[in-house]
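A short write-up of the structure that comes next.
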Number of protein chains: 2
Amino acid sequence: MRSLPHPDVQEIALDQVLSALADPIRRVIVSQLAGGHDDQACIAFDLPVTKSTSTHHFRVLREAGIISQRYRGTAILNCLRDEELAERFPGLLDAVLAAEGSEVQGTTATAAAARRL
Amino acid sequence: MRSLPHPDVQEIALDQVLSALADPIRRVIVSQLAGGHDDQACIAFDLPVTKSTSTHHFRVLREAGIISQRYRGTAILNCLRDEELAERFPGLLDAVLAAEGSEVQGTTATAAAARRL
DNA sequence: CTCGTAGTACGGTGACCCTCGTACTATCCG
DNA sequence: CGGATAGTACGAGGGTCACCGTACTACGAG
């Protein structure tokens with residue numbers, strides 16, 4: 001079985017977390033994971049990029065400590081490390097998710113950000 | 001009098017806010033502004049970069065909607081737009097500031113948590 | 001008016017990041 | 001075994017960013 005390196009809770013760096021969440025595609029992934037559907041394979045995400053770019057984004061999220069990944073067959077199950085993240089940086093993930101959710105609703109800035117891809 | 005463009009509250013984009021806060025130098029600026037000392041000139045910040053780079057960082061923060069700047073003589077007064085930011089993205093700035101504060105203690109945040117707070 | 005201070009504009013450099021295509025590995029199914 | 005599926009490795013290209021030095025502008029003090 002292949003294994004994937006994950007940072008320890010204490011090793012999670014604010015720098016990496018914020019950089020990871022600064023990318024719209026990665027926020028889509030995180031939002032979808034937070035939206036009740038944990039344990040999704042990478043293929044389950046409808047991302048506007050190719051497979052290799054998806055791999056890249058998932059790795060960035062994993063190395064930042066935001067998600068955990070484990071193999072099941074050829075697929076990978078992705079989980080949000082929400083509890084550990086809340087322990088390390090309380091309220092941060094919730095605030096970003098809420099912000100992401102509220103921004104998707106209304107204003108013009110989101111549309112521009114989405115089309116930019 | 002020169003004037004500086006600031007985004008409206010509704011125009012503040014999560015993308016720009018997170019990107020701006022992803023840089024350690026800019027988080028130092030924000031933390032210092034949040035630490036009671038509002039209305040500081042750019043020169044008051046002891047940043048490990050040259051003047052031109054400082055200008056760059058302050059502009060990024062202003063264009064992201066995180067700080068406001070207004071002239072007073074040759075100097076610029078910098079203010080955190082904390083209330084507007086809390087209105088747009090509730091809890092986000094607080095979470096980042098708290099995370100920044102806790103992380104400064106060192107990568108093993110457990111032992112040193114009680115020192116400064 | 002002249003000087004000093006605070007900050008900006010501009011150009012350049014090196015690094016990093018997002019993106020992709022192609023080739024590859026690992027696992028499951030028939 | 002052979003094929004299909006899920007994801008990785010690798011390298012390249014294009015864009016953006018942080019950083020700097022130098023030259024410049026705006027304002028206040030003397």
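Within every chain, numbering begins at 1; the chains are lettered A, B, ... in the order of the sequence lines, protein sequences first and strands thereafter. All figures in this text were calculated on a predicted structure; none of them were measured in a lab.
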Check nucleotides 4-7 of chain C for protein N or O atoms closer than 3.5 Å to its own N or O atoms and list the pairs.
{"unit_1": "C/dA6", "atom_1": "O4'", "unit_2": "B/Thr74", "atom_2": "OG1", "d": "2.9"}
{"unit_1": "C/dG7", "atom_1": "OP1", "unit_2": "B/Cys42", "atom_2": "N", "d": "2.9"}
{"unit_1": "C/dG7", "atom_1": "OP1", "unit_2": "B/Ile76", "atom_2": "N", "d": "3.3"}
{"unit_1": "C/dG7", "atom_1": "OP2", "unit_2": "B/Ile43", "atom_2": "N", "d": "3.0"}
{"unit_1": "C/dG7", "atom_1": "N7", "unit_2": "B/Lys51", "atom_2": "NZ", "d": "2.5"}
{"unit_1": "C/dG7", "atom_1": "O6", "unit_2": "B/Lys51", "atom_2": "NZ", "d": "3.2"}

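- With sequence neighbours excluded, the residues forming a side-chain contact (heavy atoms from CB on, under 4.5 Å) with B/Asp8 are B/Gln10, B/Glu11, listed by chain and number.
- Taking a 4.0 Å limit (strictly below) on heavy-atom distances, residues 59-70 of chain B does not reach DNA chain D anywhere.
- Taking A/Thr55 as the reference, nothing meets the side-chain contact (heavy atoms from CB on, under 4.5 Å) condition, with sequence neighbours excluded.
- A donor-acceptor contact under 3.5 angstrom links the side chains of B/Gln69 and B/Asn78, judged on distance only.
- A distance of 9.5 Å separates OG of B/Ser19 from CG of A/Leu18, quoted to the nearest 0.5 Å.
- Put simply, B/His57 has no side-chain N or O that comes within less than 4.0 Å of OP1 or OP2 on D/dC17.
- The side chain of A/Thr53 places an N or O atom within less than 4.0 Å of a non-bridging phosphate oxygen (OP1 or OP2) of C/dC20.
- A/His56 comes within contact range of at least one nucleobase, with a heavy-atom separation under 4.0 Å.
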Using the 3.5 Å cut-off, write out each protein N or O paired with an N or O of nucleotides 10-12 of chain C and the distance between them.
none

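- Using a 4.0 Å cut-off, no side-chain N or O of A/Arg72 falls inside it from OP1 or OP2 of D/dA6.
- Scanning for ring pair (Phe, Tyr, Trp, His ring centres under 6.0 Å) contacts around A/Phe58 gives A/Phe45, with sequence neighbours left out.
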